[in-house]
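All remarks here apply to the structure that follows.
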Protein chains: 2
Amino acid sequence: MKKRAENTTGIREIAKRANVSIGTVDRVINNRPGVSAKTKETIQKIIEELDYQPNIMARMLASKKVIRIAALIPSVSNETGYWNAPLKGINEAASEIRNFGVVVDNYFFDQNAKQTFTDQADNILKQNYDGLLLAPMFENESIAFLSRCRQNHIPFVLINSDLADQANVAYIGPDLFQSGYLAAHLSKYLISASQTVLVVNISREIDLHHHLLKKEEGFRTSFEKEHTGVAIDKVDINETDYDSLQKTLKRVFKKNKPDLVFVTNSRVSSVARFFEENKIQDVKLIGYDFLEENIEYLKKGTIDFLICQKPQEQGYKGVMSIYQHLLQAPVESVQYMPIDIITKENYSYYKN
Amino acid sequence: MKKRAENTTGIREIAKRANVSIGTVDRVINNRPGVSAKTKETIQKIIEELDYQPNIMARMLASKKVIRIAALIPSVSNETGYWNAPLKGINEAASEIRNFGVVVDNYFFDQNAKQTFTDQADNILKQNYDGLLLAPMFENESIAFLSRCRQNHIPFVLINSDLADQANVAYIGPDLFQSGYLAAHLSKYLISASQTVLVVNISREIDLHHHLLKKEEGFRTSFEKEHTGVAIDKVDINETDYDSLQKTLKRVFKKNKPDLVFVTNSRVSSVARFFEENKIQDVKLIGYDFLEENIEYLKKGTIDFLICQKPQEQGYKGVMSIYQHLLQAPVESVQYMPIDIITKENYSYYKN
DNA sequence: CTGAAAGCGCTTACAG
DNA sequence: CTGAAAGCGCTTACAG
């Protein structure tokens, strides 16, 4: 390896040109008070001329600072292993930047209990982190939390589902509306005009899981726009255990059996199980996420296709984005994930 | 931000415990000669006990070293813009690690002239880089080049197409065989048994573009394995200009018109143009890569689907992998890209 | 074979 | 408002 070229652009060079000490230069670079307007100006001019870029390594070393990032995401439940993937991405990013003085602490909440969310939010605020990565599953609670983060000048990125007007550094995740829209578009290949579609939202806190509703909205819009004459019913299932789900679906199917079911999240495998146990074979089924249980049903043909949006990458990029921001580097504020279609034919090639 | 905890694990602490100077500790950490076997051993023991991890930032700063990486990839020709995407990924990675004393130099060669490849290879070897990123489009020339890299102890990663037994740090790109295999699998939905398929390889140096042949092999294997009775013809087109291509295809189609054409690289748009100009509408068409001209034909329905394998990510991960390796971090040695299927329905959501 | 000193490009008290 | 000194955790000559 070669030696770095003689440094003629450092803080020392600036000091020499401005006829001041490096301490003064440091003050204006870091916007610290105690510099006369005049010297400040001359120094800034020189900085521009030299196109000075601070040496991040020297800075981190000298300041002995550690960048502390908190990540708050749902815990992996026995109902769905989805959050394994974002967590993996978060940990991957964390280990890549550990060498550069960054610590990432993971916090988890139960998607079925919003109290656990607010508890963890309080926890995080007490610890005074430098940045936050959040999966804002509960809308109102998230908004309250983020408002307190803003008060404490803690920048944050959002992953998995978006929240409008939160002054977040970045959103990394699906375009929820488009995701539902594409699902509808593909559905049109599976059914014909004037058939019936059923949208199924499964969540104990549906009113709070705004992201499900955005997907539903995109789904409906696609059908409405193209005037297919397809009728769209919907059902919200507020209990996530299989028995409750079965009871509800039985009732709905008895009343009006659909030709296609669109499940707005990863719990599509429960519906597939319902199909299997009740020998329902003529109903198409679409849902979300590359989970082992979903893939099983995809293989068998019970599920027709799954939509997946790179959950691991969301975690990885989420951490990297907040880190880049804390390093004062520019960060793309909206990073939509691609909308991947998983079928029986290509699932074995998919990388989560 | 918090102060880093009191450092009780640094080189200084090791020196104290071993009753030596930090210079000696440095020598054993970096495997430099001039340390007695005995002190070396005691120091190593302490390093293990403390689970000592060197501070990369301090190391880079003190050594004034710059990590220099060369990237050698095809230039963007007017025939195909494919290599824009990997280049973008390379540059993205380069700018992310520039702060950490890394310089990435890009070199380009003309895919239609292997001389330009060997010239650039010579160039790179003269400059004594610390690491190399290579798209080994020309098989024999690449093998010769890499053998010289090994002699010079320059580690390298391969992207886009693999080469066996080269002792590379990593391969990042498609599983070529599987890519062709999946293409064949999906083709079966477009045609029926006992129809005819034509494989088209377009390249001025086909014998050297081994990666096209690997895709063809996967494609054939899939059909053979499932005994569909489909007949597979093939044609190699050695001139990449449209007129030559048209002439050849006209001849082939006259003799035996296929029901489906599989183009093994991104030049599928030329075949689409041929279809269009000659009013061929009943032949299915499959090819590679998310390029503007390909997407145009996909929209029109001339191309049925495209296979795409994250070219930008290949460039990004290629640089990051060689960088991690030079930092002594472990790197996954085979990183296959997902095999994405692009259709009229989902192309607008695809991220290259 | 080993040690002591200087320095990498910054930041952080402290002194004036 | 400004400067001089010490130090971050290493590496690099140089001296012995």
Side-chain angles (χ1 to χ4, degrees), chain A residues 1-44 46-47 50 52-67 98-102 327-328, chain B residues 1-44 46-47 50 52-67 98-102 327-328:
Chain A
M1 310 196 190
K2 267 197 183 171
K3 291 288 174 85
R4 207 192 296 274
E6 287 294 307
N7 193 341
T8 56
T9 64
I11 198 177
R12 191 146 263 131
E13 174 71 15
I14 297 170
K16 201 162 63 179
R17 297 203 190 194
N19 257 316
V20 295
S21 74
I22 59 168
T24 304
V25 175
D26 183 70
R27 283 183 191 96
V28 355
I29 286 170
N30 292 291
N31 246 317
R32 281 189 266 271
V35 186
S36 77
K38 204 179 148 194
T39 51
K40 185 168 180 175
E41 203 184 329
T42 53
I43 290 173
Q44 275 170 333
I46 295 169
I47 287 175
L50 258 40
Y52 167 75
Q53 303 283 38
N55 183 320
I56 305 284
M57 294 182 292
R59 175 175 285 177
M60 292 302 290
L61 190 62
S63 72
K64 288 186 290 181
K65 267 175 194 151
V66 154
I67 294 182
R98 196 186 343 258
N99 269 324
F100 304 117
V102 182
L327 244 44
Q328 336 254 27
Chain B
M1 310 194 189
K2 266 196 183 170
K3 293 286 174 87
R4 208 191 294 274
E6 288 294 308
N7 193 341
T8 55
T9 64
I11 199 177
R12 190 145 263 131
E13 173 72 14
I14 298 171
K16 201 162 65 177
R17 297 203 191 194
N19 256 317
V20 295
S21 74
I22 59 167
T24 304
V25 174
D26 184 68
R27 283 183 192 93
V28 353
I29 286 170
N30 292 289
N31 247 315
R32 281 190 267 270
V35 187
S36 77
K38 205 179 150 194
T39 51
K40 184 168 181 176
E41 203 185 329
T42 52
I43 289 173
Q44 274 170 334
I46 295 169
I47 286 174
L50 257 40
Y52 166 75
Q53 303 285 37
N55 182 319
I56 306 284
M57 295 181 292
R59 175 175 285 179
M60 291 303 289
L61 190 60
S63 71
K64 290 187 288 180
K65 266 176 196 153
V66 154
I67 294 181
R98 195 184 347 257
N99 269 325
F100 304 117
V102 181
L327 245 45
Q328 336 255 26

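- Atoms CE (A/Met57) and P (C/dC8) sit 14 Å apart, rounded to a whole Å.
- In this structure, the nucleotide among D/dC8, D/dC1, D/dC10 sitting nearest to the side chain of A/Ser36 is D/dC1.
- Partners of B/Arg32 under the side-chain hydrogen bond (donor to acceptor under 3.5 Å, both in side chains) rule, at least two apart in sequence or in another chain, are B/Asp26.
- In this entry the distance linking NZ of B/Lys64 with P of C/dG7 reads 10 Å, nearest Å.
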Output, in order, the C-alpha distance, side-chain angles, deciding distance and verdict of side chain to side chain contact (heavy atoms under 4.5 Å, CB included) for B/Ile43 and B/Arg27.
CA-CA 10 Å; B/Ile43 289 173; B/Arg27 283 183 192 93; over 6 Å; no
Check nucleotides 3-6 of chain D against the protein and report each pair of N or O atoms closer than 3.5 Å, with its distance, or say if there are none.
unit_1 : atom_1 : unit_2  : atom_2 : d
D/dG3  : OP2    : A/Ser21 : N      : 2.9
D/dG3  : OP2    : A/Ser21 : OG     : 3.4
D/dG3  : OP2    : A/Thr24 : OG1    : 2.9
D/dG3  : O6     : A/Arg27 : NH2    : 2.4

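- Contact annotation: A/Ser63 side-chain N/O to C/dT12 OP1/OP2 distance is not under 4.0 Å.
- For C/dT12, the OP1/OP2 oxygens have a side-chain nitrogen or oxygen of A/Arg32 closer than 4.0 Å.
- In this structure, B/Asn30 atom CG and D/dG9 atom C1' are separated by 13 Å, rounded to whole Å.
- The side chain to side chain contact (heavy atoms under 4.5 Å, CB included) test applied to A/Ala62 returns no partner, not counting sequence neighbours.
- Judged as a salt bridge (Lys or Arg N to Asp or Glu O under 4.0 Å), not a single pair has a partner in residues 33-44 of chain A (not counting sequence neighbours).
- Between the C1' atom of D/dC1 and the CD1 atom of A/Ile43 lies a distance of 11 Å, rounded to the nearest Å.
- Proximity note for B/Arg12 (side chain, C-beta onward) versus D/dC10, C/dT2, C/dC10: the nearest is D/dC10.
- Scanning for side-chain hydrogen bond (donor to acceptor under 3.5 Å, both in side chains) contacts around B/Thr42 gives an empty result, with sequence neighbours left out.
- When the P atom of D/dG9 is taken as reference, atom CG of B/Leu61 falls 12 Å away, rounded to whole Å.
- Side-chain atoms of A/Ala58 lie closest to C/dG9 of the nucleotides D/dC10, C/dT12, C/dG9.
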Please, what dot-bracket string fits DNA chain C when only Watson-Crick and G-U pairs with both distances under 3.5 Å count, crossing ones use [ ] and pairs to another strand use |?
|||.||||||||.|||
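- Residues A/Leu327 and A/Phe100 are not in side-chain contact: their nearest non-hydrogen atoms beyond the backbone lie 4.5 Å or more apart.
- At the phosphate of C/dT12, OP1 or OP2 sits under 4.0 Å from a side-chain N or O atom of A/Lys65.
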Without placing hydrogens or testing angles, list every side-chain donor-acceptor pair under 3.5 Å for residues 18-25 of chain A, not counting sequence neighbours.
unit_1  : atom_1 : unit_2  : atom_2 : d
A/Ser21 : OG     : A/Gly23 : N      : 3.4

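- Regarding B/Ile11, its CD1 atom lies at a distance of 18 Å from the P atom of D/dG7, rounded to whole Å.
- Distances from the side chain of B/Asn55 to the nucleotides D/dC10, C/dT2, C/dG9 place D/dC10 closest.
- Closest to the side chain of B/Thr39, from the set C/dT2, D/dG9, D/dC10, is C/dT2.
- Closest to the side chain of A/Ala62, from the set C/dC8, C/dT12, C/dC10, is C/dC10.
- With sequence neighbours excluded, no residue forms a salt bridge (charged side-chain N to carboxylate O under 4.0 Å, His left out) with B/Arg12.
- Of all non-hydrogen atoms in B/Tyr52 and B/Ile11, the two that sit nearest each other are CE1-N, 4.1 Å.
- Residue A/Tyr52 has no polar side-chain atom (N or O) positioned under 4.0 Å from OP1 or OP2 of C/dG9.
- At least one side-chain heavy atom of B/Arg59 sits under 4.5 Å from a side-chain heavy atom of B/Asn30.
- Distance CD (A/Glu13) to P (C/dC10): 12 Å, rounded to an integer number of Å.
- Across the protein-nucleic acid pair, A/Leu327 atom CG and C/dC10 atom P stand 14 Å apart, rounded to whole Å.
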